[in-house]
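Basis for what follows: all heavy atoms, side chains included, without hydrogens, waters or symmetry-related copies. This structure is a prediction, so every number in the text was calculated from the model and none was measured.
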Amino acid sequence: WDGFTIQNGYGILNGMGAWIKDYGTLRNCVIRNNGSETLSTTTEIIGGGVYVEGGTMDNCKVYGNVLKNDKSGYLRGAGGYMSDGRIVDCEIYGNENYSNYSSSSYSQGGGLYISKGNNDKTSVVENTYVHDNSSRGIGGGMYVDGYNSNRRANIINSRIENNVSLSESGGGLYLGSYVNVVGCNIANNKSTSYGGGIYASSSGNNIINCNIVKNTSAFGDGIYGNPT
């Protein structure tokens with residue numbers, strides 16, 4: 001798919017705007033204003049704007065997508081949700097993830113949620129600008145799930161800026177385990193809890209040649225947790 005605008009999509013479960021599977025590619029597209037502000041479900045919702053499942057998103061803009069829910073269904077990735085795929089040369093901005101349920105941890109990933117999926121592939125985010133996204137819970141800019149030492153997620157040469165976690169940790173990035181963050185600019189993100197720039201929740205994360213500046217939080221303005 002090349003050159004499309006995908007907007008005003010609404011549904012339940014996976015990719016309210018678009019769902020890209022396996023070897024599919026979404027290129028030079030705009031994905032905007034998808035999702036819902038009136039969800040009331042106990043079902044997990046993934047990808048308010050787009051769900052990239054093993055495919056590729058290249059040179060796309062993803063903005064203005066919203067996930068809001070007043071029950072216990074997890075909200076994962078208001079802008080997008082990716083498992084075992086690639087996001088390259090994209091801009092992810094102005095997306096909102098907000099669970100009104102009792103625990104703010106039901107909101108995960110304002111801009112992106114990266115999952116390890118169920119096969120031997122890995123996920124890559126490269127040369128991508130993730131900015132001005134918000135999550136009531138974990139990972140204002142991006143939530144990256146746990147991987148293992150033989151299969152790492154990679155965030156490469158990307159800018160993670162001006163994102164906010166309103167009530168939890170990881171204003172810019174929330175890292176599970178075994179994530180490589182290489183050559184990134186992580187700046188001006190905010191968390192009201194732990195890790196304004198990065199919250200590393202487990203071991204095995206590599207943070208290499210990154211510029212981490214002007215982030216704020218209650219504990220650990222730049223980085224909080226267990227990077228190696």
J.: For the ring pair (Phe, Tyr, Trp, His ring centres under 6.0 Å) test, which of Tyr143, Tyr174, Tyr74 pairs with Tyr113?
T.: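 The passing option is Tyr143.
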J.: With a 4.5 Å limit on heavy-atom distance, are the side chains of Ile92 and Met57 in contact?
T.: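 Sidechains of Met57 and Ile92: in contact.
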J.: Here's a test for you: under side-chain contact (heavy atoms from CB on, under 4.5 Å), which of Leu175, Val125, Ile208 qualifies with Val181?
T.: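 Among the candidates, only Leu175 passes.
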J.: Going through the distances and angles, do Tyr10 and Leu39 end up as a side chain to side chain contact (heavy atoms under 4.5 Å, CB included)?
T.: CA-CA 10 Å; Tyr10 170 80; Leu39 292 165; 4.1 Å; yes
J.: Do Asn205 side-chain atoms and Val179 backbone N/O form a donor-acceptor pair below 3.5 Å?
T.: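 At least one qualifying donor-acceptor pair exists.
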J.: Run the side chain to side chain contact (heavy atoms under 4.5 Å, CB included) test on His131 and Glu91 for me, step by step, so that the C-alpha distance in whole Å, both residues' side-chain angles and the decisive distance to 0.1 Å come before the verdict.
T.: CA-CA 8 Å; His131 65 97; Glu91 186 177 6; 2.7 Å; yes
J.: Which atom names give the shortest non-hydrogen contact between Ile160 and Gly172, and what distance separates them?
T.: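 Here Ile160 and Gly172 meet closest at CG2-O, 3.6 Å.
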J.: Is the side chain of Asp89 donor-acceptor paired with the backbone N or O of Cys60 at a distance under 3.5 Å, no angle test?
T.: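 No, Asp89 side chain to Cys60 backbone: no donor-acceptor pair under 3.5 Å.
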J.: Determine yes or no for a side-chain-to-main-chain donor-acceptor pair under 3.5 angstrom, with Thr192 supplying the side chain and Leu166 the backbone.
T.: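 Indeed, once roles are kept as given, a pair shorter than 3.5 Å links the two residues.
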J.: Drop me the distance from Arg27's CZ to Asp58's CG, to the nearest 0.5 angstrom.
T.: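 Interatomic distance, Arg27 CZ to Asp58 CG, rounded to 0.5 Å: 5.0 Å.
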J.: Transitively linked via ILVMFWY side-chain contacts under 4.5 Å: Val130 with Val213?
T.: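 Hydrophobic grouping puts Val130 apart from Val213.
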J.: Out of curiosity, Asp84 CG to Asp22 CG, how far, rounded to the nearest 0.5 Å?
T.: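 Interatomic distance, Asp84 CG to Asp22 CG, rounded to 0.5 Å: 10.0 Å.
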J.: Looking at every heavy atom in both Cys29 and Gly3, which two are closest together, and how far apart are they?
T.: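 Closest approach of Cys29 to Gly3, heavy atoms only: SG-N, 3.7 Å.
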J.: Hydrogens and angles aside, do Asp70 and Ser40 bring a side-chain donor and acceptor to less than 3.5 Å of each other?
T.: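 Yes, a side-chain donor-acceptor pair sits under 3.5 Å.
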J.: Using 0.5 Å steps for rounding, measure from the CD1 atom of Ile46 to the CE atom of Met16.
T.: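 If we round to the nearest 0.5 Å, Ile46:CD1 and Met16:CE are 10.5 Å apart.
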J.: Could you pull out the closest heavy-atom pair between Cys90 and Asn59, with the gap in Å?
T.: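 Heavy atoms only, the tightest pair is SG-N, 3.6 Å.
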J.: Tell me whether Ser191 contacts the main-chain N or O of Gly171 through its side chain, where contact means a donor paired with an acceptor under 3.5 Å.
T.: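 Side chain of Ser191 to backbone of Gly171: no pair is present.
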J.: Please check if the side chain of Ser165 supplies one atom and the backbone of Gly137 the other of a donor-acceptor pair under 3.5 Å.
T.: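 Checked: pair present.
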J.: Please evaluate residues Arg32 and Lys61 with respect to the criterion side chain to side chain contact (heavy atoms under 4.5 Å, CB included), reporting the C-alpha separation (whole Å), side-chain torsions for both, the decisive distance (0.1 Å), and the verdict.
T.: CA-CA 8 Å; Arg32 67 186 183 193; Lys61 293 183 181 293; over 6 Å; no
J.: Quick check for you: to the nearest 0.5 Å, what is the distance between Arg76 atom CZ and Ser83 atom OG?
T.: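 One finds 12.5 Å between CZ of Arg76 and OG of Ser83.
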J.: Going by distance alone, is a donor N or O of one side chain under 3.5 Å from an acceptor N or O of the other, for Asn65 and Asn95?
T.: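 Their side chains do contain a donor-acceptor pair, which is all the 3.5 Å distance test asks for.
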J.: Any carboxylate oxygen within less than 4.0 angstrom of a Lys/Arg side-chain nitrogen, looking at Glu96 and Arg136?
T.: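 A salt bridge is absent here (no side-chain N lies under 4.0 Å from a carboxylate O).
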J.: Just one of Leu173, Val164, Asn163 clears the side-chain contact (heavy atoms from CB on, under 4.5 Å) bar with Asn189, so which one?
T.: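 Testing Asn189 for a side-chain contact (heavy atoms from CB on, under 4.5 Å) against Leu173, Val164, Asn163 leaves exactly one candidate, Asn163.
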J.: Return the minimal non-hydrogen interatomic distance between Ser177 and Ser203, and the atom names on each side.
T.: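 Closest approach of Ser177 to Ser203: CB-O, 3.3 Å.
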J.: For the aromatic rings, using the six-membered ring if either is Trp, is the centroid distance between Phe219 and Tyr224 under 6.0 Å?
T.: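 Centroid distance Phe219-Tyr224: not below 6.0 Å, so no.
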J.: Tell me whether Asn69 contacts the main-chain N or O of Leu75 through its side chain, where contact means a donor paired with an acceptor under 3.5 Å.
T.: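 Not at all, since once roles are kept as given, no pair shorter than 3.5 Å links the two residues.
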J.: Does the side chain to side chain donor-acceptor pair (under 3.5 Å) test come out yes or no for Asn211 and Asn185, once each step is laid out?
T.: CA-CA 5 Å; Asn211 185 41; Asn185 192 65; 2.6 Å; yes
J.: Any sub-3.5 Å donor-acceptor pair from Ser158's side-chain atoms to Ile156's backbone N or O?
T.: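 Such a contact is found between Ser158 side chain and Ile156 backbone.
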J.: Ser193 and Ser217: which non-hydrogen atoms are nearest, and at how many Å?
T.: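 So the two residues come closest at O-CB, 3.6 Å.
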J.: Evaluate the criterion side chain to side chain donor-acceptor pair (under 3.5 Å) for residue pair Asn8 and Asn33; output intermediate values, then yes/no.
T.: CA-CA 5 Å; Asn8 302 325; Asn33 303 332; 4.6 Å; no
J.: Any non-hydrogen side-chain atom of Ile207 less than 4.5 Å from a side-chain atom of Ile198?
T.: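 Touching, per the 4.5 Å side-chain cut-off.
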J.: Are Trp19 and Val52 close enough that some pair of their side-chain heavy atoms sits under 4.5 Å apart?
T.: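 No - every pair of side-chain heavy atoms lies 4.5 Å or more apart.
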J.: Are Trp1 and Ile20 packed together at the side-chain level, in the sense that at least one heavy-atom pair is separated by less than 4.5 angstrom?
T.: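 When only atoms from C-beta onward are counted, Ile20 and Trp1 do touch, with a gap below 4.5 Å.
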J.: Rounded to the nearest 0.5 Å, how far does OH of Tyr81 lie from OG of Ser115?
T.: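 So the OG of Ser115 and the OH of Tyr81 are separated by 3.5 Å.
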J.: Is there a donor-acceptor pair under 3.5 Å between the side chain of Thr43 and the backbone N or O of Thr41?
T.: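 Judged by distance alone, no pair lies under 3.5 Å.
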J.: Can a donor-acceptor pair be found, under 3.5 Å and without considering hydrogens, that links the side chain of Asn215 to the backbone of Gly222?
T.: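 No.
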J.: Using side-chain heavy atoms (C-beta onward) and a distance below 4.5 Å, is Tyr98 in contact with Ser135?
T.: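 No, side chains not in contact.
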J.: Tell me, with the steps shown, if Ser107 and Asn97 meet side chain to side chain donor-acceptor pair (under 3.5 Å).
T.: CA-CA 6 Å; Ser107 296; Asn97 186 331; 3.2 Å; yes
J.: Any donor and acceptor pair, going by atom type alone, linking the side chain of Arg159 with main-chain N or O of Ala187 inside 3.5 Å?
T.: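 Pair absent, no side-chain N/O of Arg159 close to backbone of Ala187.
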J.: Is there a path of hydrophobic side-chain contacts, each under 4.5 Å between heavy atoms of I/L/V/M/F/W/Y residues, joining Val50 to Ile6?
T.: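 Yes, because Ile6 and Val50 connect within a single hydrophobic cluster, where side-chain heavy atoms sit under 4.5 Å apart.
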J.: Quick check for you: to the nearest 0.5 Å, what is the distance between Ile155 atom CD1 and Ile186 atom CD1?
T.: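 Reported value, rounded in 0.5 Å steps: 9.5 Å.
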J.: Can you find a pair of side-chain heavy atoms, one from Ile212 and one from Ile223, that are under 4.5 Å apart?
T.: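 A side-chain contact exists here, since the closest heavy-atom pair is under 4.5 Å.
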J.: Just so I know, are the side chains of Ile114 and Met142 near enough to count as touching, which here means a heavy-atom distance under 4.5 Å?
T.: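 Yes. Closest side-chain heavy atoms under 4.5 Å.
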